[in-house]
Structure formats: structure tokens, C-alpha cells
Amino acid sequence: MDDLNHELLRATLGTRPFKFFSSIDSTNTAAHEWIGAGAAHGSVIIADEQVRGRGRLSRQWQTPPGKAIAMSVILRRLFAPSELERLTMVFSMAVAEALMQHTAQSIRLKWPNDILLNGKKVCGILIELIWQGDSLVAVVGGIGINVRVDFSGNPVLGEIATSLEPHTTQPIRRATLINDILQRIDHWLTQLPRTNIHNRYRNLLSTLGNQVRLKTTLGQIVGLAEDVDATGALLVRLDSGALMRVTVGDIVA
Ligand code: BTN
């Protein structure tokens with residue numbers, strides 16, 4: 001039995017500030033509200049069900065009750081601009097490593113921050129920066145994990161999405177996995193000032209060496225995904241021979 005409730009989370013997460021909702025519109029939206037009400041650094045919002053989950057590039061994200069993890073981690077401390085750029089890598093590496101603690105199957109990253117299990121998406125991450133004028137107030141790292149969502153009846157999603165539990169030897173206890181993720185985020189945040197953390201990120205990426213088509217705000221880009229730089233930007237070799245640095249985008253093929 002994989003209950004998710006306030007008591008279990010309190011026992012698992014120790015003294016960390018958190019809010020649990022059995023059903024919510026979006027944990028990222030709730031995190032924005034809590035930040036307005038003074039949430040401390042490291043606080044987390046967790047929900048069993050999300051009815052209006054938000055994904056990257058204005059997509060929707062499904063979190064059916066009892067079957068998934070929806071959590072949003074609030075970071076509220078001073079970040080150097082170079083550290084802010086590395087947060088996508090921090091969240092991706094943290095979640096990937098926590099998932100590796102629960103499955104022996106292949107866990108890789110699809111740039112910039114999709115987590116793939118045996119080549120299919122098991123987790124999506126939505127990082128939002130909250131500004132007040134020119135000042136950064138907080139960062140919200142929203143994490144959605146398919147734990148036992150059944151995609152078999154959905155031919156479109158079944159091709160590209162998967163769940164964690166069918167690929168583990170033990171049933172998943174979501175509270176434990178949430179705590180494992182938070183521990184890895186804490187670890188990688190301590191590494192944030194180091195300029196070489198992209199080496200670990202690079203090793204986890206399945207994207208490098210592939211011919212890719214990217215949807216970006218500047219339009220479509222086609223080329224060879226050659227490398228990532230220290231900020232996590234993707235370096236794409238175009239047919240013209242030029243190297244293009246892509247900071248925001250989505251690999252569509
Ligand atoms: C993506 O791959 O497009 C990112 C999906 C992010 C979904 C998570 S679920 C928890 C948090 N709350 C949201 O509304 N979105 C993120």
C-alpha cells in the first residue's frame with residue numbers, strides 16, 4: 001500500500017517544511033502562493049492528485065490520484081547568475097540519481113530536463129523563477145513522476161511515456177522516493193558554485209551525438225547535438241558548420 005498523507009510525509013521528511021494536498025490544481029501554483037506568504041528555503045508542496053498540472057512550453061501534465069508524484073520545491077536564497085543557469089542541471093541530476101536508487105533499468109536525461117526510463121519519459125521538470133521587479137524572490141522546481149500510471153490504453157502516450165514501478169523489484173513508496181529526491185537536490189545545491197557540475201549532467205544525457213530537431217522560440221533548429229556547456233546549454237552543429245548555443249527549447253525528433 002502506497003499511501004500519501006500528511007502524517008507519513010512528516011515522519012519521512014523530518015523537520016522540512018511541507019504542505020500536502022490530496023488534490024490540487026498545480027503544486028507549482030501553490031508554491032507561488034506559499035512564497036507570497038513567506039515560505040522558507042527548502043519548503044516543498046506535495047499532492048496526490050493534480051487536476052491542472054502545468055508542463056514546459058504551456059503543455060498540460062497529468063497526475064492521477066495514487067499513481068504519481070507531483071511535488072514543487074521552493075528555493076529561496078541568493079543565487080549568482082551562473083548558479084541560476086545551472087539549476088536545470090541540478091534538478092535533473094538529482095531526480096535521475098534518486099530514480100536510480102529504485103531501479104536498475106536505464107535512467108538517462110533528454111535535454112534539457114526530461115528523465116527517460118528505458119528511453120521513455122518517466123519524469124518531467126518545470127522550473128519557474130519568481131521575480132519582483134528586477135529581484136529574484138524564489139525558484140520553484142516542479143517535479144512530476146509517473147509511478148504507476150498505466151499508458152497501455154493510450155497509443156500516443158504509450159509510445160513516449162512510461163512509469164517507474166513496473167521497472168522495479170520492490171513496490172514504490174512515494175514518500176520515500178520524495179525524500180530521496182529532496183536529499184539529492186540538497187546534495188547538488190551544495191555543488192552549485194562548482195563550474196564543472198555539467199560533467200555529471202553530460203554523462204547522463206542521452207541526447208549527445210544524435211541528430212536532433214529542436215523547437216525553440218527562434219523557430220526550428222536541425223543539427224547534431226554535439227555537447228553541453230557549463231550552463232547546460234545545448235551546442236548544436238548546424239549543417240552550415242556553425243555551432244549554435246541553445247538555452248531554451250524542446251527536442252521534437
Ligand atoms: C514537462 O515535462 O513539461 C514538465 C512537467 C512538470 C510537471 C510537474 S508536476 C509538479 C509540478 N506542478 C506542475 O503544475 N507542474 C510540475
Side-chain angles (χ1 to χ4, degrees), residues 4 9 13 18-35 39 42-75 87-96 98-99 107-117 119-130 138-149 151 154 156-157 159-164 172 174-175 177-182 185 204-207 214-217 232 234 247-253:
L4 203 56
L9 285 165
L13 303 186
F18 75 89
K19 287 189 183 186
F20 171 73
F21 297 87
S22 49
S23 182
I24 201 170
D25 52 356
S26 153
T27 54
N28 267 37
T29 305
H32 291 212
E33 287 161 14
W34 197 7
I35 288 161
S43 302
V44 58
I45 303 257
I46 297 160
D48 185 38
E49 177 188 35
Q50 230 179 193
V51 294
R52 267 187 297 280
R54 296 189 278 113
R56 290 178 61 242
L57 308 172
S58 306
R59 286 185 299 240
Q60 294 179 356
W61 183 267
Q62 309 290 334
T63 309
K67 295 184 165 35
I69 288 174
M71 60 190 281
S72 296
V73 184
I74 295 169
L75 305 183
L87 284 176
T88 297
M89 295 191 283
V90 162
F91 275 96
S92 321
M93 294 187 290
V95 180
L99 293 181
I107 296 285
R108 305 295 301 278
L109 301 177
K110 178 181 163 195
W111 186 89
N113 56 11
D114 284 353
I115 300 183
L116 307 180
L117 194 171
K120 292 186 178 182
K121 182 159 168 172
V122 69
C123 168
I125 298 176
L126 176 67
I127 296 175
E128 297 181 309
L129 306 187
I130 317 292
V139 177
V140 176
I143 300 164
I145 301 176
N146 306 318
V147 174
R148 57 185 74 90
V149 182
F151 295 106
N154 185 327
V156 178
L157 280 181
E159 277 297 304
I160 54 171
T162 193
S163 284
L164 175 63
I172 293 292
R174 286 174 294 166
L177 178 54
I178 290 167
N179 192 47
D180 293 341
I181 291 168
L182 292 169
I185 292 172
L204 289 171
L205 276 178
S206 64
T207 310
L214 282 147
K215 203 164 79 180
T216 77
T217 43
L234 190 65
T247 55
V248 182
D250 208 27
I251 296 178
V252 289

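Counting convention: from 1, in listed order, for ligands and their atoms alike.
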Colleague: Starting from atom 8 (C) of ligand 1, find the nearest protein heavy-atom neighbour and note its residue, name and distance.
Modeller: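 That would be Gly144 N, 3.7 Å.
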Colleague: For the backbone of Thr63 and the side chain of Glu49, can you confirm whether one donor and one acceptor N or O come within less than 3.5 Å of each other?
Modeller: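 Absent.
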Colleague: Got a donor-acceptor contact below 3.5 angstrom from the Lys110 side chain to the Ser206 backbone?
Modeller: no
Colleague: For ligand 1, does Asp114 get within less than 4.0 Å through its side chain, its backbone, both, or neither, judged by non-hydrogen atoms?
Modeller: side chain
Colleague: Could you identify the single nearest non-hydrogen protein atom to atom 13 (C) of ligand 1 and state the distance to 0.1 Å?
Modeller: Gln50 OE1, 3.4 Å
Colleague: Could you tell me which atoms of ligand 1, counted from 1 in the order shown, lie closer than 4.0 angstrom to a heavy atom of Gly55?
Modeller: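 It comes down to these atoms of ligand 1: 1 (C), 3 (O), 4 (C), 5 (C).
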Colleague: Using a 4.0 Å cutoff against the non-hydrogen atoms of Gly53, which atoms of ligand 1 qualify?
Modeller: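 Checking each atom against Gly53, I get 14 (O).
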Colleague: Which protein non-hydrogen atom lies closest to atom 5 (C) of ligand 1, naming both residue and atom, and how far is it?
Modeller: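 Looking at atom 5 (C) of ligand 1, the protein heavy atom closest to it is Trp61 CE3, 3.5 Å.
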Colleague: With atoms numbered from 1 as shown, which atoms in ligand 1 lie under 4.0 angstrom from a non-hydrogen atom of Arg54?
Modeller: 5 (C), 6 (C), 7 (C), 13 (C), 14 (O), 15 (N), 16 (C)
Colleague: Kindly say whether Val156 contributes a backbone atom to a donor-acceptor pair with the side chain of Asn154 at under 3.5 angstrom?
Modeller: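 Pair found, side chain donor or acceptor close to backbone of Val156.
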Colleague: So if I count the atoms of ligand 1 from 1 in the order they appear, which ones are less than 4.0 Å from some heavy atom of Lys121?
Modeller: 1 (C), 2 (O)
Colleague: Check this for me, if you would: do Asp114 and Lys121 make a salt bridge, where the nitrogen-to-carboxylate-oxygen distance has to be below 4.0 angstrom?
Modeller: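 Looking at Asp114 and Lys121, the cut-off is met.
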Colleague: Is the backbone of Val51 close enough, under 3.5 Å, to the side chain of Asp25 for a donor and an acceptor to pair up by distance?
Modeller: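 Checking the backbone N and O of Val51 against the side chain of Asp25, no donor-acceptor pair under 3.5 Å is found.
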Colleague: Please confirm whether the backbone N or O of Gly249 pairs with a side-chain atom of Arg56, one donor and one acceptor, at under 3.5 Å?
Modeller: yes
Colleague: May I ask you to list the atoms of ligand 1 that are less than 4.0 angstrom from any heavy atom of Thr27?
Modeller: 10 (C), 11 (C), 12 (N)
Colleague: Is the shortest distance from a heavy atom of Ile125 to ligand 1 less than 4.0 Å?
Modeller: yes
Colleague: Examine the proximity of ligand 1 to Met71 and report which part, side chain or backbone, both or neither, has a heavy atom under 4.0 Å away.
Modeller: backbone
Colleague: Before accepting this row, confirm whether a basic side-chain N of the pair Arg54/Glu128 lies closer than 4.0 Å to the acidic partner's carboxylate O.
Modeller: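 The answer is yes: the pair qualifies as a salt bridge.
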Colleague: Side chains of Ser72 and Asn28: do they bring a donor and an acceptor to under 3.5 Å?
Modeller: yes
Colleague: Considering only protein heavy atoms, which is closest to atom 1 (C) of ligand 1, and at what distance to one decimal place?
Modeller: Arg56 N, 3.5 Å
